[in-house]
> 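Structure below; questions to follow.
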Amino acid sequence: MSSELVQLFDLKLNKDYLFVMVIGWNDSKHADMELRRSIASSLAQIELPDLQAIGYGVELPQLDRFGLIMSFDSAEGIDLVTRIKQIMEQIRGLLLETLSIPPLIGAGSAYSLLHELTQSYVEACSAFDLLVPGEYGSSALFEEMSKTPSHSYWIPNHMQLKLVQSLKQGNIDIASQMIRSSLTSLQSSMLPALLVRCISFDLLNTILKTASELGEQQMLQQIAPNMVFSSSLEELESVLILLASQLCNEVKKETQQEEQTLIDRIIEYIDAHFTDHNLSLDTLAYEFEVSPSHVSRSFKEKTGINFLQYIWQKRLDRVFHQLKTTDTPLKDLIQEVGYLDTPNFIRKFKKETGLTPGQYRKLHRTTGSDAGTESAS
């Protein structure tokens, strides 16, 4: 997260530490848009004075998940893990007041710098994905779930978890960091060279397995024996980062394609239903199983205008056509395009065109009579 975004949304993330929580439910209730709005409102800004913490909610693309950015001060005699657990429990209690079913919560580690929030988000996603579906109220703290005994010679579990999640999100920066950190740790382990090489293949297997899970089967064909067996550990690091980069690029490309396909489907749906006065971001979110904020953000990114502007233009164009070609009374015509507030529509129409609808009809009339229409404007 950039400092510009923090200023834009007036986020008070100036305490000692920051971390991210991913919150979700394994229950159909999350699809209730009224309830979802209530949850989003509850999470918009949370203050926990006794824990010296403040949080800001973020709607994630998935309908059943929210993100929560927490900022808190350190406390004498309380370690970071304990403080995060205390915050998680208070958030759980607050959410239980809104929803009777306790949430699933995955939390990342605490960091002191703003740009490290991405690390915590990747960790929170990793922890959340390891929760058992159907276990209401279960939670996972990345640091605790990922601890590996100090005597283990294998790649630490938390590094592999973060590597997998970063690859799935197309984040090459964190993926590269995990690869370099793992190999650096191996190099300093004083283990026999053959054992180090064998252990390092865990990283290769992790990358290839993740690629397979993501449907990128072609990566399996790109591995040549000389790439891994005859290279030094430094060269192997370059190979692994190259493979990770290729996978992240494919993930980003597919994500962009999926986003474009989603927006194309949404636009097609709007074009077919723009006369429905109930059409909203919530109905689109329910129809396409993504969060309202994700629909809004993606729509603006892909079309250059926001959802409400697009709907208004579709309805306005229909009104233009109907004013030119029919004798339909103005009030009926406005309601036919899904706009229930006739006076407000007329005000917006005049602001847009400089004319009342009746004046527009007289000026552009092509057929029939315009008698009586001006009185409706």
> I'd like to know if the side chain of Arg361 reaches the main chain of Thr326, judged simply by a donor and an acceptor atom lying under 3.5 Å from each other, with no hydrogens or angles considered.
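The answer is yes, because a donor-acceptor pair under 3.5 Å joins these two groups.
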> Begin with the C-alpha distance, continue with both residues' side-chain angles, and end with the deciding distance and a verdict on side-chain contact (heavy atoms from CB on, under 4.5 Å) for Phe288 and Val295.
CA-CA 9 Å; Phe288 293 95; Val295 173; 5.8 Å; no
> Taking a hydrophobic cluster as the set of Ile, Leu, Val, Met, Phe, Trp and Tyr residues connected by side-chain heavy atoms closer than 4.5 Å, whether directly or through intermediates, do Leu186 and Leu243 fall within one such cluster?
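Yes; tracing contacts between hydrophobic side chains, which count when under 4.5 Å, links both residues.
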> Using modelled atom types only, decide if a donor and an acceptor are shared between the side chain of Thr184 and the backbone of Arg180 within a distance under 3.5 Å.
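Pair found, side chain donor or acceptor close to backbone of Arg180.
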> Does Leu43 reach the side chain of Val58, with side-chain heavy atoms less than 4.5 Å apart?
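No, side chains not in contact.
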> Just wondering, do Leu242 and Val239 contact through their side chains at under 4.5 Å, heavy atoms?
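A side-chain contact under 4.5 Å is absent here.
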> Within a strict 4.5 Å, meaning less than it, do heavy atoms of the Val251 and Lys168 side chains meet?
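SC-SC contact between Val251 and Lys168 ruled out.
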> Minimum heavy-atom separation for Thr328 to Asp332, with atom names?
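Nearest heavy atoms, Thr328 then Asp332: CG2-CB, 3.9 Å.
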> Are more than 12 heavy atoms, taken from residues, nucleotides or ligands other than Lys85, located less than 6.0 Å from that residue's NZ atom?
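At most 12 heavy atoms, drawn from other residues, nucleotides or ligands, come within 6.0 Å of this atom.
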> Are Thr206 and Gln160 linked by a side-chain donor-acceptor pair shorter than 3.5 Å?
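The answer is yes; a qualifying pair exists.
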> Test of understanding: clusters of I, L, V, M, F, W, Y form through side-chain heavy atoms closer than 4.5 Å, transitively. Do Tyr310 and Leu308 belong to the same one?
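Yes, because Tyr310 and Leu308 connect within a single hydrophobic cluster, where side-chain heavy atoms sit under 4.5 Å apart.
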> State plainly whether one hydrophobic cluster holds both Val164 and Ile207, where clusters connect Ile, Leu, Val, Met, Phe, Trp and Tyr through side-chain heavy atoms under 4.5 angstrom apart.
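No, Val164 does not connect to Ile207 through the hydrophobic network.
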> Check the hydrophobic clustering (I, L, V, M, F, W, Y; side-chain heavy atoms under 4.5 Å; chains of links allowed) and say if Ile78 and Met70 are grouped together.
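No; tracing contacts between hydrophobic side chains, which count when under 4.5 Å, never links both residues.
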> Out of curiosity, Ser71 OG to Gln52 CD, how far, rounded to the nearest 0.5 Å?
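Here the interatomic distance stands at 11.0 Å.
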> Could you state the interatomic distance from CD1 (Ile241) to CD (Gln177), rounded to the nearest 0.5 Å?
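Answer for the CD1-CD pair, Ile241 versus Gln177, is 11.0 Å.
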> Can you check whether Ser109's main-chain N or O pairs, donor with acceptor, with Ser120's side chain at less than 3.5 Å?
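It does hold such a pair.
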> Could Asp129 and Arg65 be called an ion pair, given the rule that one side-chain N must be under 4.0 Å from one carboxylate O?
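Salt bridge present between Asp129 and Arg65.
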> Hey, are Asp317 and Gln313 close enough side-chain-wise for a donor-acceptor pair under 3.5 Å?
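Yes, a side-chain donor-acceptor pair sits under 3.5 Å.
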> Is any side-chain heavy atom of Leu236 closer than 4.5 Å to one of Leu203?
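Not touching, per the 4.5 Å side-chain cut-off.
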> Would Leu48 and Ile91 count as a side-chain contact (heavy atoms from CB on, under 4.5 Å) if you check the C-alpha gap in whole Å, the side-chain angles of each, and the deciding distance to 0.1 Å?
CA-CA 9 Å; Leu48 308 176; Ile91 296 299; 4.2 Å; yes
> Hey, is the main chain of Gln257 close enough, under 3.5 Å, to the side chain of Thr261 for a donor-acceptor pair?
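Here the side-chain-to-backbone pair exists.
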> Does a side chain donor of either Arg297 or His294 reach within less than 3.5 Å of an acceptor in the other side chain?
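Result is yes, a qualifying pair exists.
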> Please report the interatomic distance CZ(Arg265) to CD1(Ile263), rounded to the nearest 0.5 Å.
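That separation rounds to 10.5 Å.
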> Quick one: closest heavy-atom pair of Ile87 and Ala53, and the distance?
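Where Ile87 meets Ala53 most closely, the heavy atoms are CD1-CB, 3.9 Å.
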> Would a distance-only check, ignoring hydrogens and angles, find a side-chain to backbone donor-acceptor pair under 3.5 Å from His364 to Tyr360?
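Between the backbone of Tyr360 and the side chain of His364 there is no qualifying donor-acceptor contact (under 3.5 Å).
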> Are any side-chain N or O atoms of Ser185 and backbone N or O atoms of Ser182, one a donor and one an acceptor, separated by less than 3.5 Å?
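Absent.
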> Would you say the side chain of Ile84 lies within less than 4.5 Å of the side chain of Phe19, judging by non-hydrogen atoms?
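Result yes, sub-4.5 Å side-chain heavy-atom pair found.
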> Could you tell me which non-hydrogen atom of Gly170 sits nearest to which non-hydrogen atom of Lys252, and how far apart they are?
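Heavy atoms of Gly170 and Lys252 come nearest at O-CE, 3.0 Å.
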> What verdict does the side chain to side chain donor-acceptor pair (under 3.5 Å) test give for Asp264 and Gln260, after you've listed the backbone C-alpha separation in whole Å, the side-chain angles of each residue and the deciding distance to 0.1 Å?
CA-CA 6 Å; Asp264 289 344; Gln260 186 59 59; 2.9 Å; yes
> I'd like to check Phe349 versus Ile334 (side-chain heavy atoms, cut-off strictly below 4.5 Å). Are they in contact?
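Counting from C-beta outward, Phe349 and Ile334 never come under 4.5 Å.
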> For a quick test of reading the model, state the closest non-hydrogen atom pair linking Cys125 to Gln169 and the distance between them.
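Closest approach of Cys125 to Gln169, heavy atoms only: SG-NE2, 3.5 Å.
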> I want to know whether Tyr121 and Tyr111 have ring centres closer than 6.0 Å.
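Here the rings of Tyr111 and Tyr121 have centres that are no less than 6.0 Å from each other.
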> Any donor and acceptor pair, going by atom type alone, linking the side chain of Asn306 with main-chain N or O of Lys300 inside 3.5 Å?
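Looks like no, no N/O pair under 3.5 Å.
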> What do the steps show when you test Arg315 against Thr275 for side-chain contact (heavy atoms from CB on, under 4.5 Å), and what is the final call?
CA-CA 7 Å; Arg315 289 171 173 171; Thr275 59; over 6 Å; no
> Give me the ring orientation class for Tyr339 and Phe345: parallel if the planes are under 30° apart, tilted from 30 to 60°, perpendicular past 60°.
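Because their plane-to-plane angle is over 60°, the rings of Tyr339 and Phe345 count as perpendicular.
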> Does a donor on one side chain and an acceptor on the other come within less than 3.5 Å for Ser139 and Arg92?
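Checked: Ser139/Arg92 side chains pair up, N/O donor to acceptor below 3.5 Å.
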> Does Lys253 form a salt bridge (charged side-chain N to carboxylate O under 4.0 Å, His left out) with Glu250? I'd like the steps, not just the answer.
CA-CA 5 Å; Lys253 187 187 304 181; Glu250 287 300 316; 3.5 Å; yes
> In the structure I gave you, are the side-chain heavy atoms of Lys162 and Gln119 within less than 4.5 Å of one another anywhere?
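In contact.
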> Would Ile23 and Ile39 satisfy side-chain contact (heavy atoms from CB on, under 4.5 Å), going step by step from the backbone distance to the final call?
CA-CA 11 Å; Ile23 301 168; Ile39 296 170; over 6 Å; no
> Rounded to the nearest 0.5 Å, what's the gap from CG on Leu80 to OG on Ser74? Could you check?
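Leu80 atom CG to Ser74 atom OG measures 7.5 Å (nearest 0.5 Å).
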> Just so I know, are the side chains of Leu323 and Pro357 near enough to count as touching, which here means a heavy-atom distance under 4.5 Å?
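Touching, per the 4.5 Å side-chain cut-off.
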> Nearest 0.5 angstrom please: Lys209 NZ to Leu167 CG, how far?
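Those atoms lie 13.0 Å apart.
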> According to a 4.5 Å side-chain heavy-atom criterion applied to Ile, Leu, Val, Met, Phe, Trp and Tyr, with indirect links allowed, do Leu163 and Leu214 form part of one hydrophobic cluster?
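Yes.
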> Are side-chain N/O atoms of Gln359 and Lys350 paired as donor and acceptor at under 3.5 Å?
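There is no such pair (donor and acceptor under 3.5 Å, judged by atom type) between the side chains of Gln359 and Lys350.
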> Quick check: closest heavy atoms across Met88 and Ala140, and the distance to 0.1 Å?
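Heavy atoms of Met88 and Ala140 come nearest at CE-O, 4.1 Å.
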> Roughly how far, to the nearest 0.5 Å, is CG of Asp73 from CZ of Arg83?
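Rounded to the nearest 0.5 Å, the CZ-CG separation comes to 9.0 Å.
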> I need the minimum non-hydrogen distance between Tyr17 and Ala110, along with the two atoms involved.
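Residues Tyr17 and Ala110, closest heavy atoms: CB-CB, 4.2 Å.
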